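Notes for the one structure printed next.
Here the structure is a predicted model, which is why all the values come from computation and not from measurement. When a ligand or atom number is given, it counts from 1 through the structure's own listing order.
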Amino acid sequence: MKFQAILLFGAPGAGKGTQGKILGQIPHFVHFSCGDAFRNLRVDSPLGRVFVEYASKGQLVPDEPTIEMWSTSISGLIGGNRFNPESDILILDGIPRNPNQAHIMEGLIEVKAVFNLFCPVMDKLVSRLQRRAFKENRLDDANVDVIRERLETYRRDTRAVLDCYPEQLTHQIDSTQEPLLVLLDIIKVLTRIPKRAPGADKNDSDR
Ligand code: ADP
């Protein structure tokens, strides 16, 4: 059975993490941030080292270990009873991040909606990321050259992911609005998404 998924899509600094964390608090929605999963690895583990090598240059980690890490993490969520594939919807933040990842994940997820958190002014993203560097102590946000490279990686590799999904699934969300209004736009769409399992409510008392 494919996992039901919502994709949060957008350039670095567009607010995917902010929205994903909030949405993940809603019953039957489970947030998975690929960047957070990488940052939670031990830096001296084999994949942790690969992550630091690529992320410190503003580049993407190669696809194969990325998808493997994603799969392992999701299995962990299922094993820990934090994600029930029958009744819950994954909020995927930062994955898939290029058309090849989208292709590999085709057989694994059923995409119910894609939210494109667009930002017409790139400079706004740069200043948001620089502010985040202090709040979250992220090294890849602290250096303006790395930020520029991440935005370039987004433009070159990631943006094309949008073409992998039907247009009617894609919802354009203005990420320059304040977070509450971005959330409101997303939630309006989410309320219209049909749930897969009609008996899903039976687990409500457990959450
Ligand atoms: P942002 O969207 O602000 O760039 P993330 O936390 O999503 O930050 O990602 C941080 C870094 O983690 C990326 O620059 C990249 O090196 C790595 N990364 C995250 N998700 C993926 C992915 N799906 N594929 C490859 N690399 C990824």
Side-chain angles (χ1 to χ4, degrees), residues 3 5-24 31-43 45-74 77 90-106 108-109 111 114-119 121-162 164-165 173 175-176 179 182:
F3 302 137
I6 303 283
L7 306 189
L8 286 180
F9 190 83
K16 304 183 292 292
T18 303
Q19 297 299 327
K21 279 192 197 97
I22 302 171
L23 295 168
H31 177 221
F32 175 84
S33 156
C34 199
D36 284 350
F38 275 129
R39 278 182 290 276
N40 285 335
L41 294 171
R42 290 175 56 116
V43 283
S45 66
L47 186 56
R49 274 197 288 268
V50 175
F51 166 66
V52 171
E53 179 193 337
Y54 285 89
S56 62
K57 290 188 276 192
Q59 295 168 0
L60 297 183
V61 176
D63 295 337
E64 203 186 308
T66 297
I67 301 292
E68 207 176 297
M69 194 261 318
W70 173 77
S71 264
T72 310
S73 304
I74 301 300
L77 290 175
L90 281 174
I91 307 274
L92 294 182
D93 151 7
I95 189 165
R97 209 148 166 139
N98 61 28
N100 187 44
Q101 292 184 8
H103 177 67
I104 300 171
M105 292 171 79
E106 226 170 59
L108 307 172
I109 57 173
V111 177
V114 181
F115 292 101
N116 180 25
L117 275 58
F118 71 90
C119 177
V121 194
M122 281 291 178
D123 281 351
K124 196 158 186 152
L125 296 172
V126 176
S127 52
R128 272 192 192 176
L129 290 169
Q130 285 177 313
R131 256 179 283 135
R132 190 170 74 179
F134 292 103
K135 279 207 291 196
E136 296 180 14
N137 199 20
R138 274 182 58 170
L139 293 178
D140 59 344
D141 283 342
N143 180 320
V144 79
D145 291 332
V146 177
I147 290 178
R148 297 249 173 241
E149 181 57 29
R150 277 158 64 209
L151 292 171
E152 177 55 21
T153 301
Y154 169 76
R155 202 190 56 75
R156 191 184 54 229
D157 303 328
T158 306
R159 227 168 29 180
V161 168
L162 280 181
C164 300
Y165 300 99
I173 309 285
S175 74
T176 60
V182 173

Open item on the list: With a 4.0 Å heavy-atom cut-off, what residues sit around ligand 1?
Closed with: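 Contacting ligand 1 under 4.0 Å are P12, K16, C34, G35, F38, R39, F51, A55, Q59, L60, V61, T66, G94, I95, R97, Q101, R132, R138, D140, R150.
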
Residues 62-69 side chain polar contacts: donor-acceptor under 3.5 Å, at least two apart:
{"from": "D63", "atom 1": "OD1", "to": "N98", "atom 2": "ND2", "distance (Å)": "2.9"}
{"from": "D63", "atom 1": "OD1", "to": "Q101", "atom 2": "NE2", "distance (Å)": "3.0"}
{"from": "D63", "atom 1": "OD2", "to": "N98", "atom 2": "ND2", "distance (Å)": "3.4"}
{"from": "D63", "atom 1": "OD2", "to": "N100", "atom 2": "ND2", "distance (Å)": "2.8"}
{"from": "T66", "atom 1": "OG1", "to": "V61", "atom 2": "O", "distance (Å)": "3.4"}
{"from": "T66", "atom 1": "OG1", "to": "P62", "atom 2": "O", "distance (Å)": "2.8"}

Open item on the list: Check this for me: does any side-chain nitrogen of one of K16 and D93 sit under 4.0 Å from a carboxylate oxygen of the other?
Closed with: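 The answer is no: the pair does not qualify as a salt bridge.
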
Task: Electrostatic pair D141:R150 at N-O distance under 4.0 angstrom - done: yes

Open item on the list: Do F115 and L7 have side chains that approach each other closer than 4.5 Å (heavy atoms only, starting at C-beta)?
Closed with: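 With C-beta onward as the side chain, the pair stays apart.
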
Name the atoms and distances for all side-chain donor-acceptor pairs under 3.5 Å in residues 48-60, with sequence neighbours left out.
{"from": "R49", "atom 1": "NH1", "to": "D44", "atom 2": "O", "distance (Å)": "3.0"}
{"from": "S56", "atom 1": "OG", "to": "V52", "atom 2": "O", "distance (Å)": "2.7"}
{"from": "S56", "atom 1": "OG", "to": "E53", "atom 2": "O", "distance (Å)": "3.2"}

Open item on the list: If the condition is side chain to side chain contact (heavy atoms under 4.5 Å, CB included), which residues does L77 pass it with, not counting sequence neighbours?
Closed with: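 Only V30, I74, R82, F83 meet the side chain to side chain contact (heavy atoms under 4.5 Å, CB included) criterion with L77.
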
